[in-house]
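Written below as structure tokens is the structure these notes are about.
Just so it is clear: chains get the letters A, B, ... in the order the sequence lines come, proteins before strands, and each one is counted from 1.
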Number of protein chains: 2
Amino acid sequence: MHAALQHEPLTRSGEDYLKAIYRLSPAGRTASTSEIAHRLELSPASVSGMVKRLSEQGLLEHVPYKGVQLTADGRRAALRMLRRHRLIEAYLVAFLGYTWDTVHEEAERLEHAVSDKLVERMAAVLGNPAVDPHGDPIPTPEGDIHEPASIPLSEVPAGARVEIRRVEEGQPERLRYIASVGLRPGVHIRVLDRQPFQGPITIEVAGRTHVIGNELGQVVRCASEQE
Amino acid sequence: MHAALQHEPLTRSGEDYLKAIYRLSPAGRTASTSEIAHRLELSPASVSGMVKRLSEQGLLEHVPYKGVQLTADGRRAALRMLRRHRLIEAYLVAFLGYTWDTVHEEAERLEHAVSDKLVERMAAVLGNPAVDPHGDPIPTPEGDIHEPASIPLSEVPAGARVEIRRVEEGQPERLRYIASVGLRPGVHIRVLDRQPFQGPITIEVAGRTHVIGNELGQVVRCASEQE
DNA sequence: ACTCGGAGTTAGGATTGCCTAAACGTGGGG
DNA sequence: CCCCACGTTTAGGCAATCCTAACTCCGAGT
Ligand SMILES: [Mn+2]
Ligand SMILES: [Mn+2]
Ligand SMILES: [Mn+2]
Ligand SMILES: [Mn+2]
């Protein structure tokens with residue numbers, strides 16, 4: 001009953017737009033032209049143009065001057081790209097000596113060039129992982145995704161013990177610093193102290209104490225230890 | 001003294017043009033517009049246009065109405081692409097369950113998306129192979145290539161024993177048939193009979209006799225058994 | 001309600017890369 | 001030696017994707 005209209009194949013650009021819009025509009029919220037432009041490092045005018053084209057292809061719902069949302073088809077396409085991106089990252093780290101701070105750039109290009117077949121082969125030799133090297137969940141081939149609840153480290157109350165779940169990719173140097181502190185998905189830490197007004201956060205990682213800025217605390221997401 | 005002028009980065013199309021021209025102009029010969037057009041499945045007019053652009057970038061030598069040759073820089077760029085293409089093929093076969101009839105298409109896209117770093121990582125885990133799954137030699141990172149002498153199976157005299165060296169890629173079905181006969185790089189065979197006027201060729205492979213058409217004999221290249 | 005300032009869109013232009021149709025050059029056959 | 005057929009180039013178009021500049025809309029604050 002659905003999916004009767006097959007879309008013309010997406011371009012590289014179109015794929016990146018849909019991914020960006022997915023990340024910018026969680027839970028049915030709306031993404032703005034300037035947010036998209038900022039994320040993709042393009043002018044707002046260029047985004048207006050592409051948004052119009054993707055809407056005509058049935059991938060976006062666009063209310064002029066208001067914002068953009070993915071349609072069911074657009075969401076499907078976005079999740080397909082997310083699966084590719086994250087599996088490629090996982091593969092490069094597992095088999096080709098990449099580290100989590102260098103995979104993103106490579107995956108950003110490869111995600112557009114691999115076939116479905118290659119993606120699924122990589123998934124198979126990896127043992128169908130649930131998350132990528134940054135802790136981001138990998139959608140299924142059918143387009144389902146399970147985003148476990150998590151809160152930024154900067155919002156964890158002092159005294160709590162938590163597990164690191166996800167670290168925002170995209171800035172290699174920041175990732176390298178975060179790794180040097182020992183903060184990686186799966187690591188258990190304790191928050192010793194948190195100063196008000198975006199103040200520094202004191203944590204204990206593997207028996208050692210570190211003080212990190214609030215900005216870093218916002219890109220490291222955690223969950224309580226149970227579960 | 002050379003390479004002072006750095007070229008603007010090649011586009012996907014440009015990379016494919018240079019590869020095609022390399023294959024079409026062995027030993028300093030010249031490639032024609034229509035040959036290039038045929039190989040890339042484009043119109044001759046489109047080729048004229050791109051040839052002009054690549055010449056302006058210093059990658060081609062073009063004599064209008066006569067033909068095209070690679071400059072030193074163009075040759076370097078072409079061999080870089082050939083290294084990528086062939087290493088990707090070797091990697092996919094070695095580690096991701098691809099067979100020699102399916103790798104070409106995947107490599108044709110990936111060759112434009114991988115970084116130098118990824119290519120060299122693949123080369124390293126492969127142990128720096130000298131040839132790809134079709135027996136085609138892999139250029140070095142410095143752009144040297146060693147093309148061992150070989151002759152088409154269709155020109156091997158009856159009675160000779162030869163080793164299969166290279167099989168032309170590009171037509172999956174043909175490769176599948178050739179594989180079913182047992183003709184792969186490294187295999188030793190004997191030519192039992194060769195009929196004149198592009199007639200069929202009778203060969204012995206692994207103790208079994210096969211008769212193949214002359215066309216197939218032209219895309220399978222061999223060398224004498226010593227060395 | 002009115003008015004700005006900022007966000008968003010439209011207008012116009014450049015580049016790349018492809019096409020078809022028309023014009024042009026070249027070399028071989030008559 | 002000339003002319004024509006074929007291969008090549010040029011002319012003119014189109015689609016995608018980006019840009020800057022100019023215009024338009026919206027809503028926050030008075
Ligand atoms: Mn991308
Ligand atoms: Mn990631
Ligand atoms: Mn290619
Ligand atoms: Mn090959």
Side-chain angles (χ1 to χ4, degrees), chain A residues 6-21 24-25 29-70 73-74 77-78 81 108-109 111-113, chain B residues 6-21 23-25 29-70 74 77-78 81 108-109 111-113:
Chain A
Q6 59 222 359
H7 309 283
E8 53 222 68
L10 275 167
T11 63
R12 244 153 278 269
S13 272
E15 291 175 340
D16 281 337
Y17 273 86
L18 293 183
K19 260 197 326 172
I21 292 165
L24 288 170
S25 55
R29 271 219 301 292
T30 210
S32 75
T33 300
S34 51
E35 282 169 338
I36 301 167
H38 185 258
R39 183 167 278 243
L40 296 176
E41 300 186 271
L42 299 171
S43 72
S46 300
V47 173
S48 274
M50 180 63 93
V51 158
K52 179 178 288 180
R53 255 171 281 147
L54 293 172
S55 299
E56 282 160 3
Q57 289 177 52
L59 297 164
L60 296 181
E61 205 77 57
H62 181 215
V63 182
Y65 293 100
K66 287 306 172 57
V68 162
Q69 258 185 286
L70 295 170
D73 282 356
M81 294 313 294
E108 199 57 55
R109 277 175 284 104
E111 63 189 358
H112 310 287
Chain B
Q6 59 223 358
H7 309 283
E8 53 222 73
L10 276 166
T11 62
R12 247 153 275 268
S13 272
E15 291 175 340
D16 280 338
Y17 273 85
L18 294 183
K19 261 198 325 173
I21 293 165
R23 308 301 282 322
L24 289 169
S25 55
R29 273 218 302 291
T30 211
S32 75
T33 299
S34 51
E35 282 170 338
I36 301 167
H38 185 258
R39 181 168 280 244
L40 296 177
E41 302 186 90
L42 299 172
S43 73
S46 300
V47 173
S48 275
M50 180 63 93
V51 159
K52 178 177 289 179
R53 256 171 281 151
L54 292 172
S55 299
E56 282 160 3
Q57 289 177 51
L59 298 164
L60 297 180
E61 204 78 58
H62 180 218
V63 182
Y65 291 102
K66 288 306 173 55
V68 164
Q69 258 185 285
L70 294 170
M81 294 313 294
E108 199 58 55
R109 277 175 285 106
E111 62 188 359
H112 309 288

First of A:Y17 and A:K66 reached from the 5' end of DNA chain D, by closest nucleotide: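 First, find each residue's nearest nucleotide; the 5'-ward one identifies A:Y17.
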
Close approaches to DNA chain D from residues 38-53 of chain B, in residue order (heavy atom, under 4.0 Å):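 Contacts with DNA chain D under 4.0 Å: B:P44, B:A45, B:S48, B:K52.
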
Can you measure from [atom1] ([X]) to [atom2] ([Y]) and round to the nearest 0.5 angstrom?
{"X": "A:I36", "Y": "A:I21", "atom1": "CD1", "atom2": "CD1", "value": "4.0 Å"}
{"X": "B:H62", "Y": "B:T30", "atom1": "NE2", "atom2": "OG1", "value": "8.5 Å"}
{"X": "B:Q57", "Y": "B:L18", "atom1": "CD", "atom2": "CG", "value": "8.5 Å"}
{"X": "B:E15", "Y": "B:E108", "atom1": "CD", "atom2": "CD", "value": "10.5 Å"}
{"X": "B:R53", "Y": "B:S13", "atom1": "CZ", "atom2": "OG", "value": "8.0 Å"}
{"X": "B:R39", "Y": "B:L24", "atom1": "CZ", "atom2": "CG", "value": "4.5 Å"}

Between [N] atom [atom2] and [X] atom [atom1], what is the distance in whole Å?
{"X": "A:D16", "N": "D:dC18", "atom1": "CG", "atom2": "C1'", "answer": "14 Å"}
{"X": "A:E56", "N": "D:dA15", "atom1": "CD", "atom2": "P", "answer": "12 Å"}
{"X": "A:Y65", "N": "D:dA28", "atom1": "OH", "atom2": "P", "answer": "17 Å"}
{"X": "B:L54", "N": "D:dT9", "atom1": "CG", "atom2": "P", "answer": "13 Å"}

Phosphate contact (D:dG7 OP1 or OP2) by B:S32 side-chain N/O below 4.0 Å: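 Answer no for this pair, as no side-chain N or O of B:S32 is under 4.0 Å from OP1 or OP2.
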
Contact boundaries on DNA chain C for chain A, cut-off under 4.0 Å to non-hydrogen atoms: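 Counting from the 5' end, contacts occupy C:dG8 to C:dT10.
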
Close side-chain approach of A:L70 and A:L59, heavy atoms under 4.5 Å: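 When only atoms from C-beta onward are counted, A:L59 and A:L70 do not touch, as no gap falls below 4.5 Å.
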
Residue pair A:V47, A:L40: steps toward the side-chain contact (heavy atoms from CB on, under 4.5 Å) verdict: CA-CA 9 Å; A:V47 173; A:L40 296 176; 5.5 Å; no

